[in-house]
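The next block holds one structure in the form of structure tokens; read it before the comments.
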Amino acid sequence: MAVESNVIDAAGPYDRAKALSAFKLGDLTFYWITRLSAISVLLILGGIIISLIVGAFPAMKEYGISFLWTQRWAPSADPPVLGALGPMYGTLVTSFIAMLIAIPVGLGIAIFLTELCPQWLRRPIGMAVELLAGIPSIIYGMWGFFVLGPFLANTFQPFMIKIFDGVPVLGAIFAGPPSYLSLFNAALILAIMVLPFITSISVDVFKTVPPVLKEAAYGVGCTTWEVVRSVVIPYTRVGIIGGVMLALGRALGETMAVTFIIGNSFRISSSIFAPGTTISAAIASEFAESDGLHQSGLILLGLLLFVLTFFVLAAARLMLLRLEKKAGK
Amino acid sequence: MNFIKTIVAAGLVAATTTAAFAADITGAGATFPFPIYSKWADAYKKETGNGLNYQSIGSGGGIKQIQAKTVTFGASDAPLKAEQLEKDGLVQWPMVMGAIVPVVNIEGVKPGEMVFDGETLASIYLGKITKWDDAAIKKLNPNVKLPSEAITVVRRSDGSGTTFNFTNYLAKASADWKSKVGEGTAVEWPVGVGAKGNEGVSGNISQTKNSIGYVEYAYAKQNKLTYTGLVNKAGKPVQPTVEAFQAAASNADWAKAPGYYVILTDQPGDKSWPITAATFILMHKEATDKAASQEAIKFFRWAFKNGGKAAEELDYIPMPEGVVTLIEKTWAAEIKS
């Protein structure tokens, strides 16, 4: 007690009102600083959208809504004939295949790391995954160009083409000739690039599962597979989907690596071993030497990617909401 | 400590001298001539103390920058038409040349062994000829052993002056190409895979068997690619050599072309290489900063006079002397000081 009174004495006469008003000012400043930071995001986003719309306006006026389903891309025609179908198709297909590969593999790595991996192996694998995320995309592009592409073209693709030859639908999807610049190769590179996003977020959320839940499940005789399927994944579903969305966002917009390995062709082919292009690859390739309507068309493509990403993410949110409702949360 | 002080002092002196004496010329545009422009600028600075700042932002960017008067000169691989020059009050002239060569990767075929003509090349790029042992290719190359393999067509994916000149040549050589594809820095390619930059195309060619592509001569030479000969307008097969490139430039009718609007593809002459290309400089007739404008002209005059050897070392082709004389006259007549 004696000590406490000493402290108060040392602080001098205690002015409650003054201290409170100082706190209030501090609080208010803090509130406004954080609020302005948050609002600045909206301003920046709005600025980007407005400048995209202004840049894209001439192309919007010229091509109208049919821009979306025109496949022809002839910037040198007079006037230029531009359509977004090819790059849109390429963007969606490569991202879809990439997620098809990356989700199971990423979740597999995460489950192994948190549930099954011996302690001494955890660090090396965990660090390898994080390193994978740190590699610049241009390195992935070059590796895809010089190493992965030739391997796929000489070994994997001929194998797939032979297996599915004559099978309806699949035969057309896996059709030749083999090429080391193709939609499939770009998708594979994308899958490797987005893997760390899915894995490291899943590992983090898996660690949040209360041990008591898992122990209870093991206690009633569940196998590891049953624990993962019925306890861990349902408990962390929201977090996993968050990681997948982050990965999908990256896959939709990735530019450099894709430009290197996709073959940059605006024509749509039924085969995934044929060259294609994505929205971002098309913009990166042609923007520097473009002008007039051609440039405006490229900006319109950028706006489209913006909208596309927005809708994909919104759809994901919606799905999440419905899942939560179903789970009765 | 003394050592560090000396370095700092030297740095300060260097910084202030450049700021005080150099009337720095600024230019922007085409990427293709960037290596030679920077080499010239370096040598010129050593000789005269005057610097040149060239930003290789692409031909389209160069044209935009000079129109906006943000630079002393703009550079473009594709020339502007005379009306356009007149409208913006610009003068244009060719500065240095390059050449574009077809390159192939076929097992057993050596550089210079094969020959194409424009019609055949256009058919390959249109996807009408799909195999190497096609009758049209065999007819041109009776002594070359050609495999019965599918042709992998490689082209540029980025908009480029190289593509402009290549497609311009195909449009002149083949009516079919002209009506279906046309010419431009980026066109609607019927077949093939796109690679970024000359280095992307050369990388693709050297990795892919049975492929064909087109690159700047310098890239073909430096990467030891299998270049081919071409049949020129006079119907003679020629090999890509500096003499053949200069022949094309000399045979072009520069004097009668307003604004030097000459595209050097498919020029007459027995020795002319058919896909030669000049890269152009654009300047205002009446610049806002007349001193900088005069400095730039001095630099270009110096480059024409002393820069030929440096250009050849980097596999560019200097403008023939007759053309330089014409350009000097243009400067005197049109650029106001």
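It should be emphasised that the depicted structure is a prediction, and the values quoted were computed from it without experimental measurement. So that the names make sense, note that chain A is the first sequence line, chain B the second, and so on, each numbered from 1. The analysis underlying the following values was restricted to heavy atoms, covering all of them including side chains, and did not include hydrogens, waters or symmetry mates.
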Exercise. Does A:Ala281 offer a backbone N or O that forms a donor-acceptor pair with the side chain of A:Ser285 under 3.5 Å?
Worked result: yes
For this session: Just say parallel, tilted or perpendicular for the rings of A:Trp73 and A:Phe266, cut-offs at 30° and 60°.
Result: parallel
Problem set entry | Check: B:Asn223 side chain, B:Tyr219 main-chain N or O, donor-acceptor pair, under 3.5 Å | yes
Problem set entry | Portion of A:Phe145 that has a non-hydrogen atom of chain B nearer than 4.5 angstrom | both
Exercise. Chain A heavy atoms under 4.5 Å from B:Asp77: which part of the residue, side chain, backbone, both or neither?
Worked result: neither
Problem set entry | Contact class of A:Ser290 relative to chain B, heavy atoms under 4.5 angstrom | backbone
Exercise. Who among A:Gln295, A:His294, A:Arg72 has the most heavy-atom pairs with chain B under 4.5 Å?
Worked result: A:Arg72
Exercise. Is there a donor-acceptor contact under 3.5 Å from the side chain of B:Gln92 to the main chain of B:Gly259?
Worked result: yes
Exercise. Are any side-chain N or O atoms of B:Thr265 and backbone N or O atoms of B:Pro274, one a donor and one an acceptor, separated by less than 3.5 Å?
Worked result: no
Problem set entry | Atom group of B:Arg156 that falls short of 4.5 Å from chain A, counting heavy atoms | neither
Seminar exercise, completed: Most contact-rich option vs chain A, by heavy-atom pairs under 4.5 angstrom, among B:Gly159, B:Ser157, B:Gly62, B:Gly58, is B:Ser157
Problem set entry | Interface residue of largest heavy-atom contact number with chain A, from B:Thr152, B:Thr208, B:Ile57, under 4.5 Å | B:Thr208
Problem set entry | Contact class of A:Phe146 relative to chain B, heavy atoms under 4.5 angstrom | both
For this session: For the pair B:Gln84 (side chain) and B:Glu86 (backbone), establish whether a donor and an acceptor sit closer than 3.5 Å, ignoring hydrogens and angles.
Result: no
Problem set entry | Any donor-acceptor N/O pair, B:Ser38 side chain to B:Pro35 backbone, under 3.5 Å | yes
Exercise. Which atoms of A:Pro75 come close to chain B, meaning under 4.5 Å heavy atom to heavy atom: side chain ones, backbone ones, both, or neither?
Worked result: both
Seminar exercise, completed: Here the gap from A:Ile101 atom CD1 to A:Leu188 atom CG, rounded to the nearest 0.5 Å, amounts to 5.0 Å
Problem set entry | Partner set under ring-ring contact (aromatic ring centres under 6.0 Å, His included) for A:Phe184, not counting sequence neighbours | A:Phe156, A:Phe273
Exercise. Should the pair A:Phe164 and A:Phe174 be assigned to parallel (<30°), tilted (30 to 60°) or perpendicular (>60°) ring geometry?
Worked result: parallel
For this session: Write out, in numerical order, the residues from residues 169-193 of chain B with a heavy atom short of 4.5 Å from a heavy atom in chain A.
Result: B:Val181, B:Glu183, B:Gly184, B:Thr185, B:Ala186, B:Val187, B:Glu188, B:Trp189, B:Pro190, B:Val191, B:Gly192, B:Val193
